[in-house]
Amino acid sequence: MHDSRNLYEQLILEHNKHPQNYERLEGATVVVDAYNPLCGDAFKLYVQLDEQTFSAITFEGNGCAISKASASMLTEMLRGKAVDVFYALYQSFHSMLQESPDAPVDEAALGNLAAFAGVRAYPMRVKCAILPWRALDKFLNSNTAKSGE
Ligand code: ZN
């Protein structure tokens with residue numbers, strides 16, 4: 001168990017140090033702001049949504065290692081994927097973060113997001129981890145409401 005925990009910490013540190021898709025996206029159809037005043041995390045997600053697929057997704061901004069690694073993984077996991085993939089991941093991630101720190105983690109459903117299991121012991125950090133996901137969810141929901149006329 002300790003080995004995998006260590007591996008997870010490494011994964012977060014690695015994404016923080018070398019974030020994936022960390023750039024402004026020219027031609028983004030949507031820019032989503034993700035801001036967590038409690039920590040000062042502030043990111044912009046650049047999204048190109050074609051039909052129901054994220055054809056491109058990048059991010060820029062500043063924040064703690066947890067929020068930055070989470071945003072980095074978000075772009076990595078969603079690029080080229082359908083919106084439904086986002087909803088499934090967000091739901092699994094959200095429920096995992098609500099559980100107690102030693103609750104088992106569904107690695108099959110979470111993929112690399114399982115790396116954030118350790119933040120459950122730190123309620124403030126949970127907000128950092130979920131930040132970019134929550135921001136994207138909020139946007140998609142408001143967008144659905146609008147396009148539904
Ligand atoms: Zn933070």
Side-chain angles (χ1 to χ4, degrees), residues 1-26 28-49 54-145:
M1 280 313 283
H2 285 101
D3 282 352
S4 75
R5 177 177 293 186
N6 204 5
L7 208 77
Y8 281 157
E9 283 170 9
Q10 289 300 324
L11 189 62
I12 291 174
L13 293 175
E14 190 58 30
H15 270 273
N16 177 51
K17 206 169 167 187
H18 304 291
Q20 300 299 300
N21 309 302
Y22 189 77
E23 61 189 352
R24 186 190 175 90
L25 177 66
E26 298 300 333
T29 45
V30 181
V31 181
V32 179
D33 281 303
Y35 176 54
N36 172 15
L38 295 172
C39 182
D41 310 315
F43 296 98
K44 282 187 189 304
L45 300 174
Y46 299 96
V47 182
Q48 193 184 331
L49 202 55
F54 298 103
S55 353
I57 181 162
T58 67
F59 81 108
E60 262 187 348
N62 291 293
C64 64
I66 299 290
S67 61
K68 196 170 198 175
S70 179
S72 172
M73 284 187 207
L74 178 147
T75 64
E76 194 178 61
M77 295 172 94
L78 294 182
R79 196 168 51 158
K81 299 291 195 324
V83 170
D84 288 347
V85 172
F86 164 77
Y87 283 123
L89 280 169
Y90 178 61
Q91 195 173 32
S92 303
F93 193 28
H94 192 263
S95 25
M96 184 269 274
L97 290 172
Q98 302 299 311
E99 289 169 8
S100 65
D102 51 0
V105 170
D106 185 351
E107 297 189 30
L110 288 164
N112 282 349
L113 292 176
F116 293 98
V119 309
R120 295 181 295 183
Y122 311 95
M124 293 286 286
R125 297 274 92 120
V126 166
K127 292 189 167 58
C128 301
I130 201 77
L131 175 68
W133 297 80
R134 176 171 285 164
L136 186 55
D137 180 59
K138 201 171 160 186
F139 161 73
L140 290 171
N141 282 328
S142 65
N143 198 42
T144 307

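Atoms within a ligand are numbered from 1 in the order they appear, just like the ligands themselves.
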Parallel, tilted or perpendicular: rings of Tyr90 and Phe86 (30°, 60°):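 Judged by the thresholds at 30° and 60°, the geometry between Phe86 and Tyr90 is parallel.
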Aromatic ring proximity Tyr22/Phe59, centre distance under 6.0 Å: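 Yes: the rings meet the under 6.0 Å criterion.
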Main-chain N/O of Ala117 paired with Arg120 side-chain donor or acceptor, under 3.5 Å: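 Present.
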Between CD on residue Gln98 and CZ on residue Phe93, distance to nearest 0.5 Å: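 So the CD of Gln98 and the CZ of Phe93 are separated by 11.0 Å.
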Within less than 2.8 Å of the Zn ion (ligand 1): protein N, O or S atom count: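 Those protein atoms number 5 in total.
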Minimal non-hydrogen separation, Cys128 against Asp41, with atom names: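 The answer is SG-OD2, 3.3 Å.
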Identified side chain to side chain contact (heavy atoms under 4.5 Å, CB included) counterpart of Tyr46 within the set Val30, Thr29, Val31: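 Running side chain to side chain contact (heavy atoms under 4.5 Å, CB included) over Val30, Thr29, Val31 with Tyr46 returns exactly one hit, Val31.
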